[in-house]
Amino acid sequence: MSTASRGQWSGRLGFILAAAGSAIGLGNIWRFPYMAGENGGGAFVLLYLGCVLLIGIPVLFSELAMGRKTERNAVGAFRALVPNSWWPAVGYLGIAAGFGILAFYSVVAGWTLGYLGHAFMGDFGAAMDADASGALFTGLIGDPLQAVGYTALFLLLTILIVRGGVSAGIERASKILMPALFAILLVLAIRALTLPGGMAGLEYLLVPDFSELSAGAVMAALGQALFSLSLGMGAMVTYGSYFPKEENMPQAGALVALADTSVAVLAGLIMFPALFSAGLDPAAGPGLVFVVLPTVFNSLPAGTLFAIAFYALLAIAALTSTISLLEVVVAYFVDERKWKREKAAWVLGGVCFVLAVPSALSQGGADVFTSFLFDTSFLDIQNIIWGNYALSIGALATCVFVGWKWGIPKAIEALEASGHRMAFASAWGIVVRFVLPIAIVVVLGFIVSTGRYF
Ligand code: PFF
């Protein structure tokens, strides 16, 4: 299919915003802080940053190179590079992971819509202590009607944008809203850091205590680095495939990684000071952000306005991520199975909704899903299976493919196709071929040897 009919970003900025839009989302603001809180704070943060640098960024460039060279989706890219092989299976795993992630991500994204509703009703401007905030949260997520309804609404918004196509839909939304999100996070971080007792949170976040580290924490940091950058499932293959020929890809990729990591760190700078100030437990799990933040709005002048702006922007950040999740799957059906984009968006979005219902009901709505396996909720299990394991295996396979099958020189050629040089290209090649596969295998091996998968 020609580039023109597949669609293309309007330029480098369009790509950066759309790819940063995919990367920045609930992963940074919801998942990162609670994972850090559950896994010991500072030591986790350090590990996470290490994983971003040593694993995330190299995988990002591997995926972008494949997308640019082939102008195909997650499956088609493997197929185009080595026809008649089993390598496209890696792409299929990616598509499954995209579906799996979308099916729980849209539930949490739905909660942000519920919170936006509360913000409009002025619920966060009034006195809201940790207890009241906790009660509001459990009330919302435990109500089957609201949980499923908001999930449906969120998926509907996602479908409506994805059916509009790459540039018109995805890019336009990201252009205005990502910078606005950044600005509001900055204000919230300053407020949180100046709360009484906030400095203890800063210390928790920045001073590593390695006695807290476990194999599970290392796995979580690896999974989080990949999840946050939207890697290991072909999203960046797909987004890279729409990248304009004449633009500087290595630089654009680096900017996306920088923007994503800064937002995660910024979210941590809000969450931990606020949490210590409110006397909450950092290891509270997936509800952490939703319970902590209202206590910050409460302490701001014009708290209601901040709450409205924040939840609107968080919902939009989540939307630019769900768009990319659905886009991975839609792009496959459009390119490889010749479906119309419109049909693909509706059918696949609809199927995803069905798969999302158990997760939506798993937070108090229906007992079977609340404590599904290993005393863990259905939503959490999906989060770990797809978000940590599937992405790690996908990233490992992608790098083995790029490093050993397709070849580093060809990948570098694709990345440098516009004539812009890639910095550290040979170091990147060594990491992709040796360091990264060994690191991921070691982490997975640790998990298998401890048997503590969740
Ligand atoms: N990176 C997104 C976030 O951090 O919220 C989540 C995500 C989007 C993961 C797209 C994977 C993906 F393909």
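Every number for a ligand or one of its atoms is a count from 1 in the order of the listing. Note that this is a predicted model, so its numbers are computed, not measured.
- Residues passing the side chain to side chain donor-acceptor pair (under 3.5 Å) test with Thr112, sequence neighbours excluded: none.
- Using cut-offs of 30° and 60° on the angle between ring planes, the pair Trp30 and Trp111 is perpendicular.
- Remark: of the listed residues Ile141, Val108, Thr138, Ile141 is the sole one forming a side-chain contact (heavy atoms from CB on, under 4.5 Å) with Gln363.
- The pair Arg68-Glu247 fails the salt-bridge criterion, with no side-chain N (NZ, NE, NH1 or NH2) lying under 4.0 Å from an Asp/Glu carboxylate O.
- Ligand 1 lies under 4.0 Å from heavy atoms of Ser22, Ala23, Gly25, Leu26, Gly27, Asn28, Tyr105, Phe227, Ser228, Ser230, Met233, Ala235, Ser321, Ser324, Leu325.
- Among residues two or more places apart in sequence or in another chain, the side-chain contact (heavy atoms from CB on, under 4.5 Å) test is passed with Ala390 by Ala97, Trp386.
- For the side-chain contact (heavy atoms from CB on, under 4.5 Å) test, residues two or more places apart in sequence or in another chain that qualify with Ala225 are Tyr48, Cys51, Val52.
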